[in-house]
Structure formats: structure tokens, C-alpha cells
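Single-structure report; data block below.
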Amino acid sequence: TAHLRQYNADLGYVLFHLGQYQNSIDKYKQAIIYTKAQADHKRTCTFLRSIGLNYQYLGLYGLAIENYQEALDALKLAESDLPREAALYNSMGNLYRNTQNETKSLELLHKSLSLYQHLGDTGKAADLLNNLGVNFQHFNYLDSSLYYFKSVLDLVNLDINSPFTLAKDRSATYNNIGVVLLDQEKFEEAFPYILKSYHINQLNKDIQGMAISHNNFADYWLKKANTNKAALHLDSALLILEDISDKELMVENLELRFKLLESTKQYEQALITYQSLDSLNNQLFQDEKLKVEEISNIYLLREKVYENQKISQEAELLALQSSKFQQTSLFLALLGVVLSMFLFWVFRNLKKQKGLTNIIRAKNKTISLQQTELRHRTANNIMRLQSIIKEIARRVPDNTAQQEMLRSTQLLYSAASLERFLFSRSRL
């Protein structure tokens, strides 16, 4: 896995420098699959930044910003890594310059510069100062731009007389100083810087840098009204540009050539040059249009993917809800069966209890009737006993005994009356 990650990352790097940006993006995306599988957040951040750079070179700034932001999120998951963080802020700052967001661009570049200064990385800090100078130049703050470009040279202890071998990494800074001085119409000050940059480009065999220098020489000689030297430099730049196919530098070359031909009253050639310039600008416009369409297609594709994911999620949700409904239905069915069995058992018990209650009620009624009948018979027997005692009392010669027996008959009469009262109450 580590070898596959490295293989794809190296291919992405090579393809980026070959200008095959989309192929480079594909390789870096393959590398990210392995870094995410390994939870290697630092390399994930690096590869996402590289993808953002590719999109930036393609002019797909929205996608570039997305990848830079994702790279920042990946870096937050890793341990502190200031060099990666600084490099990311630098890339984002340059991107926001291209989107004309001056405030955001300067904020991010200053963050990057502070981190490199904190790390003591003089070379990277110099690069950041150069980028800040480019920012101010882009937004036409020429004095501030010149200040930052010269700060680069001060930081690395260089000046216009420094040996080429020591200044070989600062060609762009010398060139930028010369261009700013040309724009400020400080022609004599500008020329040594443009010449210094040109010699460094020769030393480094930087073909594109030499084309830039020739264009700048042409601009210088045009402003000095030396059209012959200007024409020579434009021709030299054109020869290089036909090989490297840099359309933006070619536009600059044609614009300068048009000014040259117009100033020398070669109107027919100027018209042909203007037509070529217009055609090239139209090509650039079409390229930008294709990029916009590509962005639109990418976002449409993403939208379709999101829609498919949404439909898939909704289907899964419905399946889950259906499963829950089935489980609920089964539970309710089981509950219904249990409830039915319970009700049947209750009904059966109630019926049985009702039968027993009726039996008890019938027995209680029988007992009550027997008690009533018993009271009735008891009352009758007491009255009979009273009559017998009273009859015996009449026959007893002893007066005292007779009186006691008569008193007994009264008591028996009272008892019989009580029994009859209770009998009458029980009948109600």
C-alpha cells in the first residue's frame, strides 16, 4: 500500500509539471485513497493541496478552494505541522488573488509568512515576501509592491550586483522589480533588474523566463522609443513562445508588437497583428468558457451523484421503516393473541365465578328460608309450651308455685313475640 501511494503521488507530481493537470488530479486522488486508509492525515493534506494547485492552474477556482479547505480539515486531524500549514496558506493566498479577493489573499499570505518566520525558514519567507509583492502589483499598489520585492533581496542578502550563482533562485524577484519600475516610468533603474533576471534565466536554462525577459526588454525599448531593439526582442520572444505555447505571454507579445507597428506607422502589419491578437484572445475566452462549462458539468455530475445518494438513502430509510412496520405488526399480532387468550381466560373465570355465585345465592336463599321456617316453628313451639305450663299452673294447689309458673308463661310469651317479630322482618 505504501508503494502504491508513493507511485501514484510521484506520477501526480510529474504530470503536474508536464501540464497534464487532470491526469495529475486523478493520480493524487488514487494516492489519497491509500493515505485515508492508513489514517495518514499529513500526506492526505499534502495531496489535497496538490489537487487544489492543479485545479487552480486549470482555472477551476471553486474546486481548488474546496480541496484547500479539505486539506485544512485533514491537517487539523494530524499533529501540529507548521510547514504544511504555511504552504497551504500560501497556495490559498495566491488563489484568492486570482479571484480578486484582495483582503482574503493578503490575510492568508501574511499568515504563511508569519509561520515561515517563526520556523526560521529564510528561503520560504523570501518566497512569501515575493508573493506579497505580486499581490500589491496585481492590485496596482506599486510602491508597496516594490517595497516587498526589495525586502526579498534584503532578507537573503542580495542586491543588483550579487553573483548570478547566488541569485539564481531570485530571478522572478529581479524581474518583478524591473517591471514595477517600468510601470513607474523609472526606465534607467528598471533595466539592470530586467537584465539581471535575463542572465539568471540563461544560467538556469529557463526558457519561459527568457521569453518573459525578452517581452520586458521590448517594453523597455518601446518606452525608450528604440523600435529596432524592441522588434529584435519581440522576435526572440516569439521564437521561444512558438515552442512552449504560452498563450498569455503570446498575448503580451502581440500587444507590444501592435504598439510597435502602430508607432512606426506600419498600419497594415498592425492590423494583421491586431487580428492575430483578437483571435488569440478569442481562443483564451473559449478556453475559459470551456473551463466554466467543465465546472458546470462537474457540479451537475456531483448533483446527480448526490441525487442518487439521496434516493438510495431514502430507499434504505423506507426499507428500514418497512422492517420496523413489520416488526411492529408482528408485535401487535402477538399482543392481540396474548390479549385474546387473556380475555378468554377472564371470560371463562367470570362465567365460572358467576355459576358459583348463583349456586351460593341459591344455597343462601335455602338457608334463609330454613332460618325463617325455624323461627316460625320456634315461636309456635314456645306458644304451645306456654299453653301447657299455663294449664299445669291451674292444677297446682300451691299458690306460690302457681305464680312462678304463670311468670314463666309470660316470659315464654315475650320470647314467642320476639321470634314472630324477627320472622316478620325476615319476610320483608
For residues 140-152, please give each side-chain donor-acceptor pair under 3.5 Å, one per line with the distance, not counting sequence neighbours.
unit_1 : atom_1 : unit_2 : atom_2 : d
Asp143 : OD1    : Gln184 : NE2    : 2.9
Ser145 : OG     : Gly133 : O      : 2.8
Ser151 : OG     : Tyr147 : O      : 2.7

Kindly write out the residues that satisfy salt bridge (Lys or Arg N to Asp or Glu O under 4.0 Å) with [X], not counting sequence neighbours, or none if the list is empty.
| X | value |
| --- | --- |
| Asp40 | Arg43 |
| Arg5 | none |
| Glu242 | none |
| Lys36 | Glu70 |

Scan for ring pair (Phe, Tyr, Trp, His ring centres under 6.0 Å) pairs involving residues 327-370, sequence neighbours excluded, and state none if there are none. none
[X]: ring pair (Phe, Tyr, Trp, His ring centres under 6.0 Å) partners, not counting sequence neighbours:
| X | result |
| --- | --- |
| Tyr34 | none |
| Tyr174 | none |
| Tyr28 | Phe47 |

Contact list for residues 254-263, test side-chain hydrogen bond (donor to acceptor under 3.5 Å, both in side chains), sequence neighbours left out: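 Qualifying pairs, neighbours excluded: Asp235-Arg257.
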side-chain hydrogen bond (donor to acceptor under 3.5 Å, both in side chains) pairs, two or more places apart, involving residues 161-171: Asp127-Arg170, Asp159-Ser162, Ser171-Ser197, Ser171-Asn201
In chain order, what residues pass the side chain to side chain contact (heavy atoms under 4.5 Å, CB included) check against Asp154, with sequence neighbours excluded? none
